[in-house]
Amino acid sequence: MCGIIGYIGNKNSMPIIIEGLKKLEYRGYDSTGIAILDKDKLFIAKCKSRISDLEGLLKKRNILGAVGLGHTRWATHGKPSKVNAHPHTDRFKRIIVVHNGIIENFNNLKKDLEKDGCKFASETDTEVVAHLISKFYKGNLEDAVRKALRKIKGSYALGIISRDDPDKIVAVRHDSPLAIGLGKQENFIVSDVSAILNHTKKVIYLHDDQIAVVTKDAVQISDLKGNTVPKKVDTISYDIEEVQKGGFAHFMLKEIYEQPQVLSRIISHYVTAEGAIRFESFNIESSFLKKIENLVIIACGTAYHASLIGKYIIESFVRIPVGVDFGSEFRYRNPVMREKTLVIAISQSGETADTLAAVREAKKNKVKVLSICNVLGSSLTRESDATIYTHAGPEISVASTKAYTAQIMVLYLLGLYLAELKKTLSKNHINKAIDVLKSIPSKQEEILGNSRNIKEIAKKHLHFGAFLYLGRNINFPTALEGALKLKEISYIPTEGYAAGEMKHGPIALIDEYRAVVCIANDSFIFNKMASNIQEILARQGKIIAIATSGNKQIKDYVKEVIFIPRVDEQFSPLITIIPLQLLAYYIASLKGYDVDKPRNLAKSVTVE
Ligand code: AGP
């Protein structure tokens, strides 16, 4: 959950590092720091605030140096502070380290190093790494790093430079993402390749326990024993524009508005002109898929809510049981998995520690794993037997929106694909379903084009101290996701609940101070939601209803209604979530919060 960038080349590294840090800030932003090497001259600056403050600090200083490391932090060990900000050094200021991850055995290592006379300046686990490398340093930086790594347990992406070995950056990863950017007479290390897009599109994604020695002219990759590893160079498929705001006030709003084109792209990617569903490099045999008897979907956060929608979809289309579990729960509950179980792991980043750990648990049980992921070359895609990419483009805002509907779209197509293999749906039914999916982007556009009403409703409700979101059937997970969107960017206590459960407890919460969002689109159980609405009104709850255009009766008893275009209920989650994303966005932005970088959060939770 931190951002790392390094540069080595012929240019002055400072401005390149600062510019890259700004693009990595979504990964963590409670403090930041930079180290610049000019031969054996070291400059370090750190601050407990945003990169713009660090930039202001450095503006007046003409710091030159062709080697640099930068870091933007999401605190794990040691509170956000200048002294705990990275980079960290050994006591001689000879070894300089930036780190993303957690050194789990840092306490024991710290005690041993203190016995050797090391003095620690910070409370961080990272500082241990700098002292440890220094302890083993005998003139070759990468050898010292290898020896230090043998002592370290935990997750890490590390960038290391040395005053005594100033013409290289050593980079290594274990469970945290790190890539090498390849330029002309210059090279980069970076947590997220979108941060160096304006320098290069040629990248090497480091794998776990690979060490890269990066100079301005070359990149050598080896394993922990020192054996050379062949380099696989990838080309980034998207452009710099996709990681810029493009005129929107926030990335979140831009990404909400990108959803129609993302879903259209997914359909054109995976549905052939003849109407067949085809997943590229899908190396799980059809013969296995035809025989699967149950599915388990694992994910975290928003991806977990998409997984819950996937349960309704796949159980309806394929008629096999679908379990859904948080990655953090699955990995510790000794789950039951059979030979004909298929595990699906859903993750936007492909780096979420709990989801990765759950996948490893599944692999230990010899179960096949299919991932649905948005990031090419991410850890999850490498550890799965097959991956279906969501092609949503980089999602920068911490609050996930386009990745969510992209995951759901892929789940619809996967459900139809499996239904065709297992012959649980007729070709005609599948074709009709694909036609409905093709109509979704324009229906989303309709809502996006009429967002003024939603902004007005947001204005009227942003002072409420608490919200309750209610949904039924396939839109119960929509209530959970709508609630997560609001709470994570507005900090208003918000719960999502199955509407049918309201009388089993939450109704006690209803009074005139509680805003209740009811997802009341046309449904075979609309009358049940209508009853819930009456029960809420009877207790002075303030209701915001999501209803299908043409619903005449709802306005008789609910003042604040957001109408959405008509769509078959089974496909409605791709539509009902749009007003909830906008409602959360407008409430948070009208309250003046940093919508793209909410407090305490980070885009990818790469630690437990
Ligand atoms: C959602 O808005 C949050 N950013 C968070 O819950 C996120 O969905 C979760 O951390 C999972 O991330 P992933 O999809 O990258 O695995």
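Counting starts at 1 for both ligands and their atoms, in listed order. All values below were derived from every heavy atom in this structure, side-chain atoms included, with hydrogens, water molecules and symmetry-related copies excluded.
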Closest by any non-hydrogen atom to atom 16 (O) of ligand 1: pick that one out of Thr606, Ile346, Thr352. Thr352
Might you work through the salt bridge (charged side-chain N to carboxylate O under 4.0 Å, His left out) test for Asp192 and Lys603, ending with a clear yes or no? CA-CA 11 Å; Asp192 175 347; Lys603 182 60 182 173; over 6 Å; no
In ligand 1, the atoms that come under 4.0 Å of a heavy atom of Ala399 are 2 (O)
Contact check: Ser400 vs ligand 1, nitrogen or oxygen atoms, below 3.5 angstrom: yes
List the closest protein heavy-atom neighbour of [atom]: residue, atom name, distance to the nearest 0.1 Å.
atom                    : value
atom 14 (O) of ligand 1 : Gln348 N, 2.7 Å
atom 8 (O) of ligand 1  : Thr302 N, 3.0 Å
atom 10 (O) of ligand 1 : Val605 CG2, 3.9 Å
atom 6 (O) of ligand 1  : Gly301 CA, 3.2 Å

Backbone, side chain, both or neither: what part of Lys485 comes under 4.0 angstrom of ligand 1, heavy atoms only? side chain
Please work out, at 4.0 Å between heavy atoms, whether the side chain, the backbone, both, or neither of Glu351 comes within that distance of ligand 1. neither
Give a yes-or-no answer on whether the side chains of Ser31 and Asn84 include a donor-acceptor pair shorter than 3.5 Å. no
State whether a side-chain donor-acceptor pair under 3.5 Å links Thr390 with Lys402. no
Salt bridge check, Glu329 against Arg333: does any charged N sit closer than 4.0 Å to a carboxylate O? no
Going by an N to O cut-off under 4.0 Å, is there a salt bridge joining Lys48 and Asp30? no
So is Val398 close enough to ligand 1, meaning a heavy atom under 4.0 angstrom away? yes
Checking the side chain of Tyr270 only, and the main-chain atoms of Ile388 only, is there a donor and an acceptor separated by less than 3.5 Å? no
Under 6.0 Å between ring centres, would you say that holds for Tyr417 and Phe282? yes
